[in-house]
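These numbers come from a predicted model, not from an experiment. Within every chain, numbering begins at 1; the chains are lettered A, B, ... in the order of the sequence lines, protein sequences first and strands thereafter. Hydrogens, waters and symmetry mates play no part in the numbers below; they use all other heavy atoms, side chains included.
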Amino acid sequence: MTSNEIRQKFLDFFESKQHRIVPSAPMVVKDDPTLMFTNAGMNQFKDIFLGNRAAKDVRVADTQKCLRVSGKHNDLEEVGVDTYHHTMFEMLGNWSFGDYFKKEAIEWAWELLVDVYGLDKDRLYATVFEGDEADGLEADSEAEELWKKFLPENRILRASKKDNFWEMGDQGPCGPCSEVHIDLRSDAERKAKPGRELVNADHPQVVEIWNLVFIQFNRKADGSLENLPAKHVDTGMGFERLCMALQGKTSNYDTDVFGPLISEISKLSGTKYTSSDSQTDIAIRVIADHVRAVAFAIADGQIPSNNGAGYVIKRILRRAIRYGYSFLGFKAGFIHKLIPTLTAQMGVAFPELKSQEQLVTKVIQEEEASFLRTLDKGIDRFNNYVSGLKGKTIDGAFAFELYDTFGFPIDLTELMAREQNLNVDIQGFEEGLQQQKERSRAATATESSDWTVLRKDDREEFVGYDLLETEVFITRYRKVSAKGKEFYQLVFNITPFYAESGGQVGDTGYIEADGQKTFIFDTKKENDLIIHFAKELPANPEATFKAVVNAEKRQATALNHSATHLLHAVLREVLGEHVEQKGSLVNPDHLRFDFSHFSKVSDEELIDIEARINAKIRENIQLDEKRNVPLNSAKEMGAMALFGEKYGDLVRVITFDKDFSVELCGGTHAKATGNIGLLKIISESSVAAGIRRIEAVTGEKALETVNEAYEQFNGLKQLLKVKDPLQGVEQLQTKIKELERKIEGLNAKAASGLKDELLAKAVDKGDYKMITEKISLDDAAAIKNLCFDLKKESGLVALLGVISSGKPGLHLVISDDLVNSKGWKAGELIRELAKHIQGGGGGQPTYASAGGNDANGIPAALKALPELLS
RNA sequence: GGGGGAUUAGCUCAGUUGGCUAGAGCGCUUGCCUGGCAGGCAAGAGGCCACCGGUUCGAAUCCGGUAUUCUCCA
C-alpha cells in the first residue's frame, strides 16, 4: 500500500462513518499568541473545545500537517539521529464534538487498523489512564472495558498521567487518553521479550501509532478540574509511523514517504543510504526530514527570518545545510534541488506545495547561499583564533561568540577543533548560552491571571463594520503583567473595535461609563476572542459602557486598506499573475505590501502602477461588501484564494469592481475608492529572496508628501533662479569643485610662503637648523599641513607655538634624517615642552602636538627646546 | 521582544593599548610590452573611514545616540 493510498483510506473510512472531511489548516499559526505552528491535529478546532465557537459538523476527520521542534518528546537536535522523530509530519485525526465518545472511538480505531488496514492484531497494545491521586481521578476503566472486546487483558496496560492524560496547556480542556501501540519487532525478538515491557519505553520498533483523547474536563488556573458539559473525542495518528507499520518497515525513513527524497539526496551527494546509524545516514535523514518542514512552511507563507516562526524555519534549514556540509561533502547549496522531488510526491495531497514551488526553491536557495557565507566567515575567524592560540583548549567564551554573534554552529567548531587536535571548553559555551536564554526569558515574561467572568456570553460579535460607537458590557477581563508593566485585557459582549488582523492594526479609542473614560490603546485577537487592551480597569466593570473608536485613525486606516487591494490587483495586471500577497501592514500612516516577484520593480513599472491605481481611485468604484459567505461561494466569485482560512469559516468578500479586485478580507474599507484621494508610492525594496515590498501613503498623507516635495522643489527653483534646478545644482557642484581646487592651490601657496618665512628665521646649530616661532594660524588642518611640509626639509627641527580656538598649542616637527641620526623623539620631547603651557600631548618621533591651558608659557616652551636638545 | 557584532575605494577586506594628512587584493583608466587559457610591466584615478553628538593636544580607532545589516536567544 502506498502512502497516498493509506492516507486516502483513512479519509474514506471516516467519511463512511458520517464524518466531514476537511482540509489541513496551515502549518503556520496566526491569531494564537501561545503557538507558532500547528503541532497537533486538534489545533484548528481549539476554539470549539474552548467553547468560543460552535461546531458546524459534530464529526470531522482530516490529515493535518504539523511541525514540532520542541516539547517534551521532541528536540530538534534529535531528529534524524533516530528513525522515528520528525519536525514536520502528518497527523491523521477524527473528531467528535459533543457527539460520540469512547465506545465508537475505540471500536472504529480497531476496525480501521485491523479490518481495513489489515494490521496483525497480535502486535497491538492499548494503554489506558491509570488515574491520578493529586487530581482526584480514577483509572479509566470505561476505556479498559471497551478494549477487552478486542484485546486480551495482558495487552491492555495502564499508564501514568505523563503518558495518558492529555492537556492543551496549563489551562483549558483536557482528559484521559488511550493509545494504540504496535510492536514491529521480529518474531524471535518478540518471543525473547514481551512487547508489553517495551510500550512507552522509547523503543524504535514498539511505538505509539494512535492516540485517542477523551476530552471531558476543563483545567482552571488554580489547577483544579471541572467537568465539561459536552464531551469530545480528539484523535491523532502519526501518518509516517502508520506507513512504516503497514509497509512492513522498521524505520519511517524506509517508507515511500521519504524514499524518493532519500534517493535524490543520495544521488546528489554520491553517498549510499544504508538505514544505519552512520553519520552519513543520519545526515541524509536530517535533510530528508527538514526539507519537508521548510518547504511546507514557506509554501504556507513563512519565510526564514530572524525572529518568531521565521527563525524556527531558518534554524531547521540551517541544520540541514550543516549536516550536508559536514557529512555529505556539499559545499554549495543543494537543498533547493530537492524541491521538485518533494512536489512530485506530495503536490497532489497538498496543492499549495505545487503552486508555491518557484518561491520555495528561490527562498531556500538564497538562504543556503547566505549560510554558506556565514560558515566561510566563521572558518576564517576560527583559523585566526587558532593561529594565536597558546594552549590546547578553545575558550568557551570564544566558541560562544562564534556561535552567538557570527552564527557559526558549535558542532562545527568542535569538529574543526578535533581535526587540529584541540578541544573546546563546552561548559563555558553552555554557560554563555544559558545566560543568554535567561536574559531573553526575563525580557518576555508575561503573566496573566484567570479571566474574571462577569457575564456568560460565548460569542463576542464585531459590529465595527457598521458602527464606531455602541453600548457594550464587559463580559470578562484579566490582568496581564509583562516586563514590569501591568495592563488589563477586556472582552465585550459586542464591540466596534477592530482587532489587529490581516495586516490591519487594531483600533484605539475609549469606553465610557459614569463620566469616566477608560482608554483602549490596542485591540488584538486571540483565536476568536477580541481583546481590548487598557492601562486600567474601569471603576465599575459591570456598568454599561459607551464604546467609542477613534474615527479619524480608523478612516485613515480604511483608506490604506482599500488602497492595498487596488495595489494588489494592479500589481497582478502590470507584473503578472505570479504576484501574491506575502505580507501586509495597514495603519493610519501608511501601507506596506509584500508580494512574490522575482526581480526589482523598475521605475517605469512603478510609475505605471501608481498611475493605474490613481485612475481606479478617480473611477470612484463603490465598495461591494459581502459578509458570511461560505468559502466555496467566495472562490466562485473569483476571490483570490488565500491560505489561512480555517475550516468552517464564513468569509467576507471585499469587491471593488467584480472584474478588478475581489478579495477575502476582514478589514475595514473606504465606501468608495474616490475617498482614497491619492496614492503615492514611497519606496520599493526587497525583503527576502523572491519577495518585494512596496510602501505607499494615501489621502491626506499622500497630499502632504507631494506638497512637501513640491515646496522643496519650488524653494530650490527660487534659490537657484533657474528653470531647471537639477541642471543648476549640477553646475553648482562643478563650480564648487573648481573653487575647492583653487583654494587648495592658494593655501599651498600661502603655506609655502609661511614656510619660506619660517625657514628664513631658522637658526643654524651646526649639524642642523632649528626653528622656534610663534605663528598665527588657527586652523588645525592648516597647521598640520605646514608641519608636514616642513618635515620634508632635511636637518630641520621646528617648534611652532599657536593659539587655536583660544587655547595654546605646540607642534614639533623633526625631519626624518635627524630622527635617525640623533635619535630624537618628538613625542617624548613634546611632553616636556607641554609642561610650560600646563598641558599634555604626544605623537610620533617625527611629528607631535600638544595642547594646554597657559598661553603665557609659549615663549618659555620655545626657549626650552634648544636646552632639551643640547 | 532581549542580547552581541558589523558598516573603511566599484567589490572583498586589513588597519594591533588613540599618534602613517588611511592601506592591500581584485576591478577601473592610461601608456608600453605580448602569439592565446583571468597575459606582463609601469603610471594613475577613486575614501565626509555609515550618520549625528561627545571625550582628547590629536579619533577610522574611545563613549553616547540614529540608521542599515548580520547573528543568537525568546
Side-chain angles (χ1 to χ4, degrees), chain A residues 33-34 36 69-70 76 304-312 314-315 318 367 369-371 373-378 380-381 384 388 397-410 429-430 432-446 482-485 683 685-688 736 740 744 747-748 751 779-792 800-813 816 819 825-828 830-831 833-855 857-858 861:
Chain A
T34 64
M36 287 195 284
V69 286
S70 59
L76 180 58
S305 73
N306 289 340
N307 44 41
Y311 181 59
V312 174
K314 180 165 154 179
R315 245 170 48 194
R318 291 197 163 193
E367 184 59 29
S370 142
F371 186 51
R373 273 197 299 275
T374 302
L375 290 184
D376 276 345
K377 290 197 178 178
D380 280 352
R381 204 162 268 275
N384 218 327
F398 173 76
F400 182 67
E401 186 196 18
L402 214 51
Y403 172 79
D404 179 55
T405 303
F406 300 100
F408 196 73
I410 183 65
F429 171 84
E430 294 288 349
L433 191 61
Q434 210 48 43
Q435 281 170 13
Q436 146 113 308
K437 284 186 177 176
E438 270 154 33
R439 246 200 323 271
S440 292
R441 248 192 289 274
T444 41
T446 58
K483 281 186 268 176
K485 280 185 187 165
S683 77
S685 58
S686 158
V687 256
I736 288 168
E740 273 176 350
E744 221 172 280
N747 274 345
D779 180 38
I783 297 168
K784 212 169 183 183
N785 256 321
L786 175 64
C787 288
F788 275 87
D789 244 358
L790 285 169
K791 195 166 85 84
K792 286 181 204 148
L800 306 177
V802 298
I803 307 242
S804 183
S805 7
K807 288 192 130 192
L810 297 169
H811 293 257
L812 178 61
V813 181
D816 290 338
V819 171
K825 293 203 166 65
E828 285 171 16
I830 201 87
R831 264 187 279 274
L833 297 165
K835 287 177 183 164
H836 294 282
I837 55 168
Q838 291 177 16
Q844 310 123 264
T846 181
Y847 170 73
S849 60
N853 295 311
D854 184 9
I858 289 181

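Within 4.0 Å of A:Gly827, counting heavy atoms only, lies no atom of the nucleic acid at all. Residue contacts for A:Lys377: at a heavy-atom cut-off of 4.0 Å it reaches the sugar-phosphate backbone alone, with no base atom in range. Within the nucleic acid shown, A:Gly843 comes within 4.0 Å of at least one base atom, counting heavy atoms only. A:Arg318 comes within 4.0 angstrom of sugar-phosphate atoms only, judged by non-hydrogen atoms across all strands, and of no base. Nucleic acid contact class of A:Lys825 (heavy atoms, under 4.0 Å, all strands): none. Among the heavy atoms of the strands lying under 4.0 Å from A:Tyr403 are primed sugar atoms or P, OP1, OP2 only; no base atom is included. Using a 4.0 Å heavy-atom distance criterion, A:Arg373 is classed as making no nucleic acid contact. Backbone-only contact: A:Gly407 has heavy atoms under 4.0 Å from sugar-phosphate atoms and none from a base. Looking at heavy-atom distances under 4.0 Å, A:Gly839 makes no contact with the nucleic acid at all.
Taking each heavy atom of A:Phe408 and A:Gly378 in turn, the nearest pair found is CD1-CA, 3.6 Å.
Taking the P atom of each, B:G25 and B:U61 are spaced 25 Å apart, rounded to whole Å. The P atoms of B:G15 and B:G36 are separated by 39 Å, rounded to the nearest whole Å. To the nearest whole angstrom, the two P atoms, one in B:G27 and one in B:G39, are 8 Å apart. Going from the P atom of B:C70 to that of B:C33 covers 50 Å, rounded to whole Å.
Checked by distance alone, A:Thr405 brings no side-chain donor or acceptor within 3.5 Å of a matching partner on the base of B:G3. The base of B:G5 is not paired with the side chain of A:Asp404 by any donor and acceptor separated by under 3.5 Å. Checked by distance alone, A:Gln436 brings a side-chain donor or acceptor within 3.5 Å of a matching partner on the base of B:G2. Residue-to-nucleotide contacts include no donor-acceptor pair under 3.5 Å from the side chain of A:Gln844 to the base of B:C20.
Across the strands present, B:G10 finds its partner in B:C26; the criterion is a Watson-Crick or G-U wobble pair with both atom distances under 3.5 angstrom. Summarising the base pairing, B:U66 is matched to B:A50 through a Watson-Crick or G-U wobble pair whose two defining distances lie under 3.5 Å.
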